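Below you'll find the structure, written out as structure tokens, and then a few comments.
All heavy atoms count here, side chains included; hydrogens, waters and symmetry mates do not. These figures come from a predicted structure and were not determined experimentally.
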Amino acid sequence: MEITERTAFLGLGRMGLPMARRLAGVTSELTVWNRTPGRAGDLTEAATPAEAVRGARIVVTMLSDPAAVDEVAARFVPALEPGTLWIEMSSIGPAAVVGLRAQLPSGVGMVDAPVLGSVGPAASGDLVVYAGGENAELDRAQPVLERLGRVVRCGGPGLGAALKVVVIGAVVASVTATGEALAVAERLGVPEELARGALAAGPLAGIMGRITTTEADFPIRLAAKDLALADGGPVFAAARATLLADPALAEKDLSEITTAQRERLARAGGN
């Protein structure tokens, strides 16, 4: 389905660039912006966020965290015209969405639509998109969102952001816990192939798939950020502490935590 409204896309990081390229294929007019210029390739790149959104009817943001969204929003929200729809796709949690909606100029709508998936699904349009907002705004956002993945309508404003932190919190904590289970298996002398096969044959099959994939690119620092956004209890807190224990792993994919846990447990066993 062609997107007939002029569109702006802000944030060309790991996820943002392939998402913007998918929209470029079906959008009559697309302008992009990124904090660090030069990533746009053949896409039309604006010099500032305000320039990117000027005249746009749809604005999509895909940024790293709440602080980044706040900083960029301060630079473009005053330039939004009545009738514009802002589709916020970053993982920032429901509280941040409430704060952003409070800043909207009169006549500007907003949909919170964070995604589940990594760079491969972002390029192929196979993300899961959790969308929250008013029904009319969700209807208007649908052509954009369905180009990027399978759209799950979650209800009113903020509920897309809320469901995202619920799901990603469970995934990140489970990967971390399963990584520790594999480290325990090694310490107890269970052959690695046997342990991995047994875990993959049961309820943890999906988590084992996430641990063993070589196609994902979800930095550990962002996984820890998402756990913080979930604001859970002791299990999420323990998983986050594990992720943050070695700053050298910050830019590694989440699956790398399993190697770090194995090494950490081995060192502890030798003391």
Next on the checklist: With a 4.5 Å cut-off on side-chain heavy-atom distances among I, L, V, M, F, W and Y, is there a chain of contacts connecting V172 to V119?
Outcome noted: no
Next on the checklist: When you compare the side chain of E81 with that of T84, does any pair of heavy atoms fall below 4.5 Å?
Outcome noted: yes
Checklist entry - Considering all heavy atoms of both residues, which atom of R35 and which atom of A68 are nearest to each other, and what is their separation? => result NH2-CB, 3.7 Å
Checklist entry - Looking at S28 and E2, what are the two nearest heavy atoms and their distance? => result CB-OE2, 3.9 Å
Next on the checklist: When you measure from the side chain of R240 to the backbone of A224, do you find a donor-acceptor pair of N or O atoms at a distance under 3.5 Å?
Outcome noted: yes
Checklist entry - Would a distance-only check, ignoring hydrogens and angles, find a side-chain to backbone donor-acceptor pair under 3.5 Å from D126 to G149? => result no
Item to check | Shortest non-hydrogen contact between G158 and P94, atoms and distance | outcome: O-CB, 3.7 Å
Checklist entry - To the nearest 0.5 Å, what is the distance between CZ (R210) and OG (S174)? => result 12.0 Å
Checklist entry - Could you go step by step and tell me if L10 and V32 meet the side-chain contact (heavy atoms from CB on, under 4.5 Å) rule? => result CA-CA 6 Å; L10 283 67; V32 301; over 6 Å; no
Next on the checklist: Checking the side chain of K164 only, and the main-chain atoms of A131 only, is there a donor and an acceptor separated by less than 3.5 Å?
Outcome noted: no
Next on the checklist: Could you walk me through whether R21 and D42 satisfy the salt bridge (charged side-chain N to carboxylate O under 4.0 Å, His left out) test, starting with their C-alpha distance in whole Å, then the side-chain angles of each, then the deciding distance to 0.1 Å, before giving a yes or no?
Outcome noted: CA-CA 10 Å; R21 290 198 178 284; D42 58 353; 3.0 Å; yes
Checklist entry - Do you know which two heavy atoms are closest between C154 and L159, and how far apart they sit? => result O-CD1, 3.5 Å
Checklist entry - If Ile, Leu, Val, Met, Phe, Trp and Tyr residues are connected whenever their side-chain heavy atoms lie under 4.5 Å apart, and connections chain through other members, are V171 and L243 in the same group? => result yes
Checklist entry - Can you tell me if CZ on R150 sees more than 12 non-hydrogen neighbours from other groups inside 6.0 Å? => result no
Checklist entry - Are side-chain heavy atoms of L85 and E137 found at a separation under 4.5 Å? => result yes
Next on the checklist: Any donor-acceptor pair under 3.5 Å linking the side-chain atoms of W33 with those of T48?
Outcome noted: no
Checklist entry - Can you find a heavy atom in the side chain of L23 that is under 4.5 Å from one in the side chain of I3? => result yes
Checklist entry - What distance do I220 atom CD1 and L249 atom CG have between them, rounded to the nearest 0.5 Å? => result 4.5 Å
Checklist entry - Under a 4.5 Å cut-off applied to non-hydrogen side-chain atoms, are T27 and V144 in contact? => result no
Next on the checklist: Would you compute the distance between atom CG of L17 and atom CG of L43 and round it to the nearest 0.5 angstrom?
Outcome noted: 7.0 Å
Checklist entry - What's the shortest heavy-atom distance between L30 and A20, and which atoms? => result CD2-O, 3.5 Å
Checklist outcome for this item: Between L145 and A113, the two heavy atoms sitting closest are CD2-CB, 3.9 Å
Checklist entry - Are I87 and V26 in one and the same hydrophobic cluster, where Ile, Leu, Val, Met, Phe, Trp and Tyr link if side-chain heavy atoms are under 4.5 Å apart? => result yes
Next on the checklist: Run V128 and V115 through side-chain contact (heavy atoms from CB on, under 4.5 Å) and show every step you take.
Outcome noted: CA-CA 5 Å; V128 179; V115 302; over 6 Å; no
Checklist entry - Is V77 reachable from L63 through a run of I, L, V, M, F, W or Y residues, each pair having side-chain heavy atoms under 4.5 Å apart? => result yes
Next on the checklist: Has T7 got a side-chain atom pairing as donor or acceptor with E5's backbone, closer than 3.5 angstrom?
Outcome noted: yes
Checklist entry - Using 4.0 Å as the upper bound for N to carboxylate O, is an ion pair formed by K252 and D217? => result no
Checklist entry - Are the side chains of W86 and V60 in touch, meaning some heavy atoms are under 4.5 Å apart? => result no
Item to check | Sub-4.5 Å side-chain heavy-atom contact between S255 and T213 | outcome: no
Item to check | Side-chain touch R153/V129, heavy atoms, less than 4.5 angstrom | outcome: no
Checklist entry - With no hydrogens and no angle check, do the side chains of E88 and S90 hold a donor and an acceptor under 3.5 Å apart? => result yes
Checklist entry - Can you tell me how far the OG1 atom of T258 sits from the CG atom of L254, to the nearest 0.5 Å? => result 8.5 Å
Checklist entry - For residues 195-246, which residue pairs qualify under ring-ring contact (aromatic ring centres under 6.0 Å, His included), counting only residues two or more places apart or in two chains? => result none
Checklist outcome for this item: When rounded to the nearest 0.5 Å, the distance separating CZ of R6 from CZ of R54 is 9.5 Å
Checklist entry - Should V151 and I58 be counted in the same cluster of Ile, Leu, Val, Met, Phe, Trp and Tyr side chains packed under 4.5 Å apart? => result yes
Next on the checklist: Walk me through whether L182 and R196 qualify under side-chain contact (heavy atoms from CB on, under 4.5 Å).
Outcome noted: CA-CA 7 Å; L182 288 168; R196 287 178 177 264; 3.8 Å; yes
Item to check | Q261, CD: over 12 other non-hydrogen atoms inside 6.0 angstrom | outcome: yes
Next on the checklist: Would you compute the distance between atom CG of L12 and atom CE of M19 and round it to the nearest 0.5 angstrom?
Outcome noted: 11.0 Å
Item to check | Check against salt bridge (charged side-chain N to carboxylate O under 4.0 Å, His left out), E251 and R14 | outcome: CA-CA 12 Å; E251 297 301 326; R14 288 177 172 88; 3.3 Å; yes
Next on the checklist: Quick one, I92 with L100, criterion side-chain contact (heavy atoms from CB on, under 4.5 Å). Give me CA distance, side-chain angles, the key distance, then yes/no.
Outcome noted: CA-CA 11 Å; I92 58 174; L100 293 170; 3.6 Å; yes
Checklist entry - Are any non-hydrogen side-chain atoms of M89 and P114 less than 4.5 angstrom apart? => result no
